[in-house]
Each structure stands twice: as structure tokens, then as C-alpha cells.
Amino acid sequence: MSGSPAVVLRLLASSYSVAERAGEIVRNVFHSGKLGIVEKGGANDLQTLADRLAQQSICASLSKHFPKITIIGEEELQSNDASEDIVENGQAEEILQRSCPAEYSGLKEEELVVWVDPLDGTKEYTEGLLDNVTVLIGIAYGGRAIAGVINQPFYNYQLGAGATLGRTIWGMLGLGAFGFQLQEVPGDRRIVTTTRSHSNKLVTDCVDAMEPHEVIRVGGAGNKIIQLVEGKASAYVFASPGCKKWDTCAPEAILRAVGGKLTDVYNSAYRYDANVKHMNSAGVLATLRNHEYYISRVPQSVLNALKSD
């Protein structure tokens, strides 16, 4: 058995292939024109056929090969709903060939929790803002996000007909993050990315307190973290409940793998144990660099309004 890749590496390699299959499902549903939209909790909390099918595919595929892991997905679905034709058996060879960091090499399936957002940015998906959309699969151990995969199903869609769509980003603590070119915003610029569709006075007050040179309002937590690691934004600021653990687990792992940080507005880390509440109640503040500056700018009125986990 000594020659076999570590369990967590095999899970990450499977998650990569599974996220690509889910991205394909998301594209196919969109191009069919039959999105099957239902409101879960109002007009800003939607679910589509793509959410449902992608989660069925992810959960069924990972459960088949890793029956002892805990999987927590955004959509409340019966796990046995998946048909065999959406089960993905592949594993990314580039991940299997890596050497697992020593601290994770002996982990067992039952110690790992997988957080799944099958379609992050559903509202934007229904509106055709396709660059906001991601598939998120995060892997946690000991309550911490240690590895993750972000698939962008519509990457390159602005290039028009004939473009090859989609890309997959992955990362693991101790290995780094791959599938993109790491860049930073120039040091003298503060560019804040924040919510497009879930804003309120608290969110706006907190963003303004950062004294940004520019504010970007887009959908999807995964999309915002990609902005951080590709040098399009300096900080992701969302001073409100609303974000869930499946929104942040994979992005946090990838961000941390390149030296970044994701916390609540109190600078406390979120935990990803199987039994934690799903809501990130005290907001999200994420940066690639200079986290302490942004934390220091959070207004007292925001801290008073948000309760830390």
C-alpha cells in the first residue's frame, strides 16, 4: 500500500474530475434553455435544474469511491437520486502524482468533510452573467479547509462561438494552488470586491470604511476569491450573514494555499466540522495580502451588529 496515493490526494483528484463533470452539466442545462428555476427563499435565493443535477453528480460520484467521507451540499436532495450516467469515475493524474504533505498523508476517509456548492452564483446564472458562476468542492480536516477545487464552467465564454469553455483551479495547503496565474493588485491600490445582489447598509458601510480606490460588485464567493488570486481585487468584504460554509470552504483552501486569509469580520477563522452551523454569521473578509489592514478598518457599528461564531 506504500505506493498508493494518500486518501486526501485521491479525494482531491476525484473532486477535480467530478467538478469538471458538474461544470459540463451546468453548461448543458444552460444551453438547453430549460433552467427549471424554483425559489428556495425568495428572488435572491434560487435553485435550478443545474444546481440539482450537479449536486447529485458530485455527491454520488464521491460517495461511490469514498463511502466513509461526510458530504454536506447546499441543496437538500436525496443522495440516491443520481442516475449512473452522471457519475464521474475519473481522477486528475496531475494531483495523484504529487507528494502529499506529511501532516495529511495518513488521514482517513472518516476524518474528512467535503463541502459542496454545485452552482455558486445561481442568480447570476439565471441572468446570463456566466463569468460569476462556479462549482465549489472543499475538503476540511479538523475543522479547517485544507484543499479545494473551483470549476468555472463558462470561463472564456466572452470569446464567443467556438471558444473552449471552462477551467478548473485547485489547491491544497502545503502544495500550493494551480490552474491560474497568481497575481497581486499593485500595493498602493485598494480594490474591494463585494456582493452584487445581497447588499445592505452594513455591507456598504464596511466597504466604504476600507477607503477603496475601486469597488467591484459581482456574484459568487468562488468568483470573488478568484479575483483576489488573479490580482483583480485586494479584499473581499461582505459584512452580513448570508454566505454559507459550502460557499467558502473550497475558496478558503485555495486562498490559504497561496498565503491568503479568509476570516469573519472579527478576524476569527470559520470552522468546517461536520456538525457546525452552515451560516457564516459574522460575514466574510478575505485577502491575499494585508489582512490586518482591512480587519482594522471594520467599523464598530458592524462589529456590534454581527455576532461571531
| request: For the pair F238 and Y236, name the ring-plane relationship: parallel under 30°, tilted 30 to 60°, perpendicular over 60°. | output: parallel
| request: Just jot down the salt bridge (Lys or Arg N to Asp or Glu O under 4.0 Å) partners of R256, sequence neighbours excluded, or say none. | output: none
| Does H65 have any side chain to side chain contact (heavy atoms under 4.5 Å, CB included) partners at least two apart in sequence or in another chain, and if so, which? | N89
| request: Supply the members, apart from V185, of the Ile/Leu/Val/Met/Phe/Trp/Tyr cluster built from side-chain contacts under 4.5 Å; use none for a lone residue. | output: I191, I216, V218
| query | Looking at side-chain heavy atoms only, is the closest gap between C59 and I71 below 4.5 Å? | reply | yes
| message | Measuring only between side-chain heavy atoms, which start at C-beta, is W246 closer than 4.5 Å to Q55? | response | no
| said: List the residues meeting side chain to side chain contact (heavy atoms under 4.5 Å, CB included) with S105, not counting sequence neighbours, and say none if there are none. | reply: C100
| message | Under 4.5 Å between side-chain heavy atoms, counting indirect links through other Ile/Leu/Val/Met/Phe/Trp/Tyr residues: same cluster for L129 and F30 or not? | response | no
| query | Who else is in the cluster with Y155 when I, L, V, M, F, W and Y are joined by side-chain contacts under 4.5 Å? | reply | none
| Results of side chain to side chain contact (heavy atoms under 4.5 Å, CB included) for A145 - residues two or more places apart only | C249, E252, A253, Y272
| field | Of all pairs that satisfy side chain to side chain donor-acceptor pair (under 3.5 Å), the ones with a partner from residues 295-305, not counting sequence neighbours | value | E211-R297, Q300-N304
| said: Between H278 and W115, is there a side-chain heavy-atom distance shorter than 4.5 Å? | reply: yes
| field | Listed partners of K64 passing salt bridge (Lys or Arg N to Asp or Glu O under 4.0 Å), at least two apart | value | E84
Please report, to 0.1 Å, the donor-acceptor pairs under 3.5 Å made by any side chain of residues 5-14, with sequence neighbours excluded.
unit_1, atom_1, unit_2, atom_2, d
S14, OG, R10, O, 3.2
S14, OG, Q91, NE2, 3.0

| query | Do S234 and Y294 have side-chain heavy atoms sitting under 4.5 Å apart? | reply | yes
| By salt bridge (Lys or Arg N to Asp or Glu O under 4.0 Å) - contacts of D208 (at least two apart) | none
| query | Mind checking what makes salt bridge (Lys or Arg N to Asp or Glu O under 4.0 Å) contact with E184, not counting sequence neighbours? | reply | R289
| field | Within-4.5 Å side-chain heavy-atom neighbours: L262 and I225 | value | yes
| query | In chain order, what residues pass the side chain to side chain donor-acceptor pair (under 3.5 Å) check against T195, with sequence neighbours excluded? | reply | none
